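In this text the structure is predicted, and so the values were computed from the model without any measurement.
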Amino acid sequence: MNEQSEIVSINRKTYANAKVLDYYDGLTELFPAEKGLFEHLSSKIEKARILDIGVGGGRTTQYLLPRASAYTGIDYVPEFIDRVKKKYPTGTFIVGDARDLGEFNDEAFDFVLFSYNGIDVVLHEDRIRILNEMNRVLKKGGMIMFSSHNRDYRHFRKPYWLTEPKFNLSFVKNLLSYVFFLPRHLRMRKHEVFNDEYGIVNDQDHRFSLLVYYINVSRQIKQLEDTGMSDVKAYNMKGHQVIADKDSFWIYYLATK
């Protein structure tokens, strides 16, 4: 297995882990920025043909499905699709990979979502394929929305519990957990990638078991524009529009075809 294939295999295996499946299955709330952006996009979402990529346990399904004229959720982990079908029997759910949306026609959707940084667990070349595929299946005038880890975050590569440390029992538990999983982290770091455009980092997600893509706002906007998208806007985790940001762990993007 070559280095690139190994990164893809590591991330896919992590998402199929029983504890990770249970974690996403238990999420029920929209994030603050999502609430604001969905409200802002209400006219685009209402009665729209919606593609929800990386649907996971259906966290966004509960909001989008009742509003859509046709709702399709996809995920490349079959176990997620099995679970979400039982929770939302009126939706359409398919095992699928965002890198190849060949089962869908050109301009099949009015709104395409890839939430919770799902686009960040593939390689750079695959990311560009995903952006092009999202563009292809989107109708003229339609919109895409996704979130992505922010390389300009002021605590980039620092475990979340050290960003604003408070010396209490929780801090001690996190420290002990970090020590326990440090050997895994050190093994995973050999796969990390850094260049001028992006980084692929073994951060703390799911106990250092993922390799995650980080990019800053300006470079992500350029990626979208290079795929033919326009009117690209970025929002921080509070839902405020930004042109650069150092305080948000991840950034939300909207773009129009």
Side-chain angles (χ1 to χ4, degrees), residues 1-2 4-28 30-31 34 45 48-139 142-149 200 205-206 209-213 227:
M1 182 181 293
N2 63 38
Q4 292 193 342
S5 297
E6 190 169 1
I7 291 173
V8 172
S9 177
I10 287 169
N11 287 344
R12 197 165 193 150
K13 183 178 179 181
T14 294
Y15 279 110
N17 177 276
K19 290 183 178 179
V20 175
L21 288 167
D22 288 344
Y23 169 76
Y24 287 103
D25 203 18
L27 296 177
T28 60
L30 296 178
F31 296 117
E34 289 173 332
I45 293 171
R49 298 167 299 164
I50 295 175
L51 176 62
D52 194 349
I53 303 173
V55 69
R59 185 181 63 86
T60 52
T61 305
Q62 62 178 335
Y63 180 88
L64 296 173
L65 178 59
R67 292 164 172 79
S69 65
Y71 173 91
T72 303
I74 72 168
D75 203 291
Y76 74 171
V77 179
E79 293 87 346
F80 275 135
I81 296 300
D82 291 340
R83 293 186 181 204
V84 78
K85 279 181 175 179
K86 294 176 182 177
K87 292 165 74 173
Y88 301 101
T90 60
T92 299
F93 299 97
I94 300 170
V95 178
D97 193 318
R99 293 171 292 185
D100 181 3
L101 299 174
E103 64 264 42
F104 304 119
N105 293 329
D106 295 356
E107 301 193 7
F109 299 98
D110 306 299
F111 181 69
V112 178
L113 174 70
F114 203 160
S115 65
Y116 214 159
N117 314 313
I119 198 172
D120 290 344
V121 295
V122 298
L123 303 168
H124 175 73
E125 295 79 9
D126 290 334
R127 184 187 189 89
I128 302 305
R129 290 190 187 98
I130 290 172
L131 293 176
N132 279 302
E133 280 290 84
M134 292 170 75
N135 187 337
R136 181 186 65 79
V137 301
L138 188 69
K139 77 166 188 179
M143 296 188 73
I144 67 171
M145 173 177 163
F146 67 93
S147 60
S148 180
H149 286 85
I200 296 178
D205 283 354
H206 302 300
S209 61
L210 285 175
L211 289 147
V212 180
Y213 191 105
T227 66

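How far CD of Q62 is from NZ of K87: 8.0 Å, rounded to the nearest 0.5 Å. Put simply, CZ on F31 and OG on S147 are 8.0 Å apart, with the number rounded to the nearest 0.5 Å. Rounded to the nearest 0.5 angstrom, I74 CD1 and I94 CD1 are separated by 7.5 Å. For the atom pair D126 CG and E133 CD, the distance stands at 11.5 Å (nearest 0.5 Å). To the nearest 0.5 Å, atoms CG (N132) and OG1 (T227) are separated by 5.5 Å. With rounding to the nearest 0.5 Å, the separation of CD1 in I45 from OG in S69 is 12.0 Å.
Using a 4.5 Å cut-off on side-chain heavy atoms (C-beta onward), D52 and L65 make no contact. Counting heavy atoms from C-beta outward, Y71 and T92 have side chains that stay 4.5 Å or more apart. Annotation: side chain of V112 is not in contact with side chain of M145 (no heavy-atom distance under 4.5 Å). The shortest side-chain heavy-atom distance between T61 and F93 falls under the 4.5 Å cut-off. Counting only heavy atoms from C-beta outward, the side chains of D106 and K139 never approach each other to under 4.5 Å. Taking the side chain as every heavy atom from C-beta outward, I144 and N135 never approach each other to under 4.5 Å. Using a 4.5 Å heavy-atom threshold, the side chains of L51 and F114 count as separate.
Under the 30°/60° scheme for interplanar angles, the aromatic rings of Y24 and Y15 are found to be tilted. In this structure, F109 and F104 have perpendicular ring planes: the angle between them is above 60°, well past the 30° mark.
No side-chain N or O of S148 forms a donor-acceptor pair with one of N117 less than 3.5 Å apart. Residues Y213 and H149 have side chains that never bring a donor and an acceptor to within less than 3.5 angstrom of each other.
T14 contributes a side-chain N or O that, together with a main-chain N or O of S209, makes up a donor-acceptor pair within less than 3.5 Å. Not a single donor-acceptor pair under 3.5 Å links the side chain of D75 to the backbone N or O of I81. In this structure, the side chain of R129 does not engage the main chain of H124 through any donor-acceptor pair within 3.5 Å. Without hydrogens or angle criteria, D110 side chain to R49 main chain gives a donor-acceptor distance under 3.5 Å. Remark: side-chain polar atoms of R99 are not paired, donor with acceptor, to backbone N or O of V122 under 3.5 angstrom. Counting only distance, with no hydrogens or angles, the side chain of N11 and the backbone of L211 share a donor-acceptor pair below 3.5 Å.
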Original post:
Would E34 and R59 satisfy salt bridge (Lys or Arg N to Asp or Glu O under 4.0 Å), going step by step from the backbone distance to the final call?
Top reply: CA-CA 11 Å; E34 289 173 332; R59 185 181 63 86; 2.6 Å; yes

**OP:** Kindly indicate, with the supporting measurements, whether the criterion side-chain contact (heavy atoms from CB on, under 4.5 Å) is fulfilled by L113 and F146.
**Re:** CA-CA 6 Å; L113 174 70; F146 67 93; 6.0 Å; no

**OP:** Give the intermediate values and the outcome of salt bridge (Lys or Arg N to Asp or Glu O under 4.0 Å) for residues D25 and K86.
**Re:** CA-CA 12 Å; D25 203 18; K86 294 176 182 177; over 6 Å; no

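Residue pairs meeting the ring-ring contact (aromatic ring centres under 6.0 Å, His included) criterion with at least one member in residues 48-70, sequence neighbours excluded: F38-Y63.
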